[in-house]
Amino acid sequence: MTLVDGMRSHLDKAGSAADEDFGWRRMWSGSAAREGVWSNIRSAEVTLLQLVSDEEAAGRASEVMALVKDHLATDDPRRVRLARRLRSVISGEISSSDRDLMVRALDAAYNALDDELARVRSLRNILWAATFLVLLGAAGLAVYGWFFPESLSMCFTPKVNPGDASGIDVVCPTAEHPDQAVGTPASALAQPRDILTVEIAGLAGAALTVIASLRRIRGTDSPYMLPLASAVLKFPTGALSAFLGLLLIRGAFVPGLSDLDSRAQVLGWAAAFGAAQHLVTRLVDDRAQMTLAEVGRTTDAVIDPERAAVRESNLLGETGASGPPTAFEDGAGPHEGPQERVREGAHRDEEAEGSRPRAGP
């Protein structure tokens with residue numbers, strides 16, 4: 001198969017993926033298909049780079065270098081070598097090895113971009129799946145509490161004075177029952193709507209944290225709405241945390257809060273526990289922002305870039321080369337990094353100083 005046939009095959013695959021109708025599966029499969037479209041287009045572009053003339057390849061050298069800088073690590077050998085040859089390529093002194101280096105570096109950069117977008121899509125899918133499961137759990141609790149309210153009672157009995165036989169008060173999320181007979185169990189007065197009411201109050205508290213978290217959300221050019229998936233997760237989590245928080249209070253796990261005095265206090269604490277879910281989901285927000293920030297931003301070099309460049313030069317037998325460097329060793333390009341010129345100039349001055357004869361006895 002020739003290069004032209006391979007490029008045409010990639011474009012045909014991209015067209016087929018773009019025209020495919022996923023129906024109800026679009027939310028899960030549509031994103032992967034979109035990635036397939038762009039992946040095949042990028043592969044066709046890499047193939048095209050092998051077919052263009054030397055002049056056009058030299059003209060695209062800066063564009064290739066920019067993509068390589070965005071997606072390959074600083075000490076990646078392909079980035080280091082391309083940076084060292086960039087000035088010569090731009091000036092028109094391009095060889096077959098230079099073209100092969102550009103093709104390999106561009107292909108590696110596009111593969112790294114595909115991996116970055118795949119990580120964003122994977123995290124987005126995980127967040128939506130987690131949201132569905134938490135929502136299913138909260139809905140299951142509400143349904144169970146509707147049919148068996150006494151088994152998951154959210155009612156409290158405020159403290160009464162010792163010896164007071166006039167009656168007790170029972171406080172539930174949906175109603176208050178004053179002057180009940182002494183010894184009446186609070187769970188006997190639980191209502192079917194109690195757990196649902198508590199979860200709604202938790203949703204209200206979670207909504208406040210969603211609004212507060214909007215100040216940290218930044219726009220992104222990623223095709224996936226990862227911040228939205230992270231924000232939606234807060235709502236069912238808030239409903240669930242409101243129920244669990246009141247359950248802990250009713251079980252006297254929180255000293256001093258074992259008996260709530262009014263329905264307003266019950267709903268207030270439910271809203272507070274709903275907002276407290278931010279302590280957990282904040283970690284998810286940070287993970288989402290970190291994943292988005294990794295798209296188009298290379299990781300830190302594991303090895304010092306200057307040492308990596310020197311090591312590459314030794315491997316290629318270029319340590320004895322004289323004259324100005326064709327590009328900077330860290331992959332910054334021929335017009336960046338003025339501090340490197342100052343550092344190299346100072347180093348040459350020190351060597352010249354050391355070679356002069358010294359006066360002395």
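Contact annotation: the side chain of Val89 never approaches that of Leu82 to less than 4.5 Å [non-hydrogen atoms, C-beta and beyond]. A 4.5 Å side-chain heavy-atom check between Trp128 and Val232 finds at least one atom pair inside the cut-off. Pro149 places none of its side-chain heavy atoms less than 4.5 Å from the side chain of Asp194. Using a 4.5 Å heavy-atom cutoff, the side chains of Leu113 and Arg42 are in contact. Contact check for Leu106 versus Glu63: no side-chain heavy atoms found under the 4.5 Å cut-off. A heavy-atom distance below 4.5 Å is found between the side chains of Leu226 and Val120.
Pairing each heavy atom of Gly274 with each of Ser241, the nearest pair is CA-OG, 3.6 Å. Considering every non-hydrogen atom in both Glu199 and Ala138, the closest pair reads OE2-O, 2.9 Å. Shortest non-hydrogen contact noted between Ala112 and Leu72 is CB-CD2, 4.5 Å. For Asp169 against Pro178, the heavy-atom pair with the smallest separation is OD1-CA, 3.1 Å. Closest heavy-atom contact between Leu246 and Phe156: O-CZ, 3.9 Å. For Ala61 against Met102, the heavy-atom pair with the smallest separation is CA-CE, 3.8 Å.
Remark: of the listed residues Leu203, Thr281, Thr131, Thr281 is the sole one forming a side chain to side chain contact (heavy atoms under 4.5 Å, CB included) with Thr237.
At distances below 3.5 Å, at least one donor-acceptor pair connects side-chain atoms of Glu176 with backbone N or O atoms of Arg263. Under a 3.5 Å cut-off, the side chain of Ser153 and the backbone N or O of Glu150 do not form any donor-acceptor pair.
Following chains of ILVMFWY side-chain contacts shorter than 4.5 Å, one cannot reach Leu279 starting from Val284, and the two form parts of different hydrophobic clusters. Clustering ILVMFWY residues whenever any of their side-chain heavy atoms sit less than 4.5 angstrom apart, transitively, puts Met154 in the very cluster that holds Leu244. If you chain together hydrophobic residues whose side chains sit under 4.5 Å apart, Leu67 and Leu48 fall into the same group. In the hydrophobic clustering of this structure, Leu233 does not group with Leu283; members are Ile, Leu, Val, Met, Phe, Trp, Tyr whose side-chain heavy atoms approach within less than 4.5 Å, directly or through other members. In the hydrophobic clustering of ILVMFWY residues, with side-chain heavy atoms under 4.5 Å counting as a link, Val266 and Leu152 come out together.
Among residues two or more places apart in sequence or in another chain, the ring pair (Phe, Tyr, Trp, His ring centres under 6.0 Å) test is passed with Tyr144 by Phe148. Partners of Phe273 by ring pair (Phe, Tyr, Trp, His ring centres under 6.0 Å), not counting sequence neighbours, listed by chain and number: Trp269.
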- prompt: Can Val103 and Leu49 be said to form a side-chain contact (heavy atoms from CB on, under 4.5 Å), step by step?
  reply: CA-CA 7 Å; Val103 170; Leu49 185 59; 4.0 Å; yes
message: Evaluate Arg104 against Asp100 for salt bridge (Lys or Arg N to Asp or Glu O under 4.0 Å), listing each step before the verdict.
response: CA-CA 6 Å; Arg104 293 179 181 275; Asp100 182 67; 2.9 Å; yes
task: Please lay out, stage by stage, how His278 and Asp285 fare under the test side-chain contact (heavy atoms from CB on, under 4.5 Å).
output: CA-CA 9 Å; His278 183 64; Asp285 296 339; 4.1 Å; yes
- request: Starting from the C-alpha separation in whole Å, work towards a yes-or-no answer on side-chain contact (heavy atoms from CB on, under 4.5 Å) for Asp54 and Arg99.
  value: CA-CA 8 Å; Asp54 290 346; Arg99 183 190 291 268; 2.5 Å; yes
field: side-chain contact (heavy atoms from CB on, under 4.5 Å) assessment of Gln277 paired with Thr209
entry: CA-CA 9 Å; Gln277 52 76 35; Thr209 63; 2.7 Å; yes
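By the 6.0 Å contact criterion, CZ on Arg193 is open, its count of non-hydrogen atoms from other residues, nucleotides or ligands being 12 or less.
With rounding to the nearest 0.5 Å, the separation of CG in Asp70 from CE in Met65 is 10.0 Å. To the nearest 0.5 Å, the span separating CZ on Arg81 from CG on Leu101 amounts to 7.5 Å. To the nearest 0.5 Å, the span separating OG1 on Thr174 from CG on Leu196 amounts to 10.0 Å. Note that the CG atom of Leu86 and the OG atom of Ser91 stand 9.5 Å from one another [nearest 0.5 Å]. Once rounded to the nearest 0.5 Å, the distance linking SG of Cys172 with CG of Leu189 reads 6.0 Å. Note that the CG atom of Asp114 and the OG atom of Ser39 stand 4.5 Å from one another [nearest 0.5 Å].
Thr291 and Arg287 form a side-chain donor-acceptor contact under 3.5 Å, judged by distance and modelled atom types alone.
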